[in-house]
Structures are given as structure tokens and as C-alpha cells.
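Quick notes on the structure that follows.
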Amino acid sequence: QVQLVESGGGLVQAGGSLRLSCAASGRIFSINAMGWYRQAPGKQRELVATATSGTTNYASSVEGRFTISRDNAKNTVYLQMNSLKPEDTAVYYCNARIQTNLWRTSDYWGQGTQVTVSS
């Protein structure tokens with residue numbers, strides 16, 4: 001009913017850049033928040049950045065290097081990643097808190113996209 005489709009991952013050298021995109025589709029009444037999380041092998045999933053109603057929040061490890069933005073008309077969130085480091089290597093997941101009708105709000109996740117940064 002609601003789908004999040006991610007794109008833009010890949011392999012990049014340290015110091016390089018990538019841009020992730022995540023588009024939400026389906027039965028959407030409104031989107032309260034969108035964000036990005038990541039999970040490296042053997043580690044827990046962690047917050048990277050979130051964007052809600054004009055406010056953004058970043059993990060300290062990416063602040064100043066990553067920029068999150070939203071296109072509300074397209075129900076899409078982006079993550080511009082600059083100055084990438086090998087420790088940024090992980091599967092990146094899109095998350096959205098979506099209201100599907102007047103009474104129901106749920107969290108949805110994308111399928112994940114691999115980002116690999118070589119040294």
C-alpha cells in the first residue's frame with residue numbers, strides 16, 4: 001500500500017560523493033517525517049539524518065558532510081553525501097512516518113541500498 005524505493009548507492013573512493021534518493025508512493029495522506037538510517041556489518045542500525053517540517057537532524061559523525069533534503073511535491077527525500085570515508089560503508093535505509101488516513105500513522109522502510117567507500 002505504501003512503498004519506499006531507494007536509489008543512488010554504489011562504490012566510491014574515499015573523499016568522493018554520492019546522492020541517495022527515496023521516493024514514497026501509494027496510499028499517502030501526509031508524510032510527517034523522512035530520514036535515512038544505516039547499518040554496517042556486525043553493527044546496529046543507526047540514525048544518519050532526518051527531516052521534519054523544515055527541521056533537519058544529523059548524526060554527529062556525518063554533520064557537515066551529509067545534507068538531507070525533501071521534495072514534498074514528489075514525496076521524495078535525498079541524502080547528499082560528500083567527503084565520504086570508509087567508515088561510511090553500510091547499507092542505507094530510507095524511513096518515512098506516513099499518515100495513510102485521518103487515524104493511522106505508521107513507519108515505513110525502504111529495501112536498503114549499499115554504499116561502499118574504498119580507501
### Task
Identify the heavy atoms of Ser53 and Arg70 that sit nearest to each other, and give their distance.
N-NH1, 4.1 Å
### Query
Would you say the side chain of Met81 lies within less than 4.5 Å of the side chain of Val115, judging by non-hydrogen atoms?
yes
### Task
Would you mind reporting whether Gln114 and Thr89 have side-chain heavy atoms less than 4.5 Å apart?
yes
### Message
I'd like to know if the side chain of Thr113 and the backbone of Tyr92 have a donor-acceptor N/O pair within less than 3.5 Å.
### Response
no
#### Entry: Any Tyr108 side-chain heavy atom under 4.5 Å of Ile28 side chain
no
### Task
May I have the step-by-step check of side chain to side chain contact (heavy atoms under 4.5 Å, CB included) for Leu84 and Phe66, ending in yes or no?
CA-CA 9 Å; Leu84 282 160; Phe66 291 9; 3.8 Å; yes
### Query
Within a strict 4.5 Å, meaning less than it, do heavy atoms of the Arg97 and Thr105 side chains meet?
yes
### Message
Is the shortest side-chain heavy-atom distance between Tyr37 and Val91 below 4.5 Å?
### Response
no
### Query
Quick one: does Trp36's side chain get under 4.5 Å of Cys94's, heavy atoms only?
yes
### Task
Please name the pair of heavy atoms, one in Asn32 and one in Ser30, separated by the smallest distance, quoted to 0.1 Å.
OD1-OG, 3.7 Å
#### Entry: Glu6 side chain to Leu20 backbone, donor-acceptor under 3.5 Å
no
### Query
Does atom CD of Gln3 have more than 12 heavy-atom neighbours from other groups under 6.0 Å away?
no
### Query
Taking atom CZ of Arg38 and atom OG of Ser61, what is their separation to the nearest 0.5 Å?
4.5 Å
### Query
Can you find a pair of side-chain heavy atoms, one from Asn57 and one from Leu47, that are under 4.5 Å apart?
yes
### Message
Determine whether a donor-acceptor pair (N or O, by modelled atom type, separation under 3.5 Å) exists between the side chain of Arg65 and the backbone of Ser83.
### Response
yes
### Message
For Ile68, is there any backbone N or O sitting under 3.5 Å from a side-chain donor or acceptor partner on Tyr58?
### Response
yes
### Summary
Between Met34 and Ile31, the two heavy atoms sitting closest are CG-CG2, 3.5 Å
### Task
Identify the heavy atoms of Phe29 and Thr100 that sit nearest to each other, and give their distance.
CB-C, 3.8 Å
### Shortest non-hydrogen separation from Tyr93 to Gly110 and the atoms involved
CD2-O, 3.7 Å
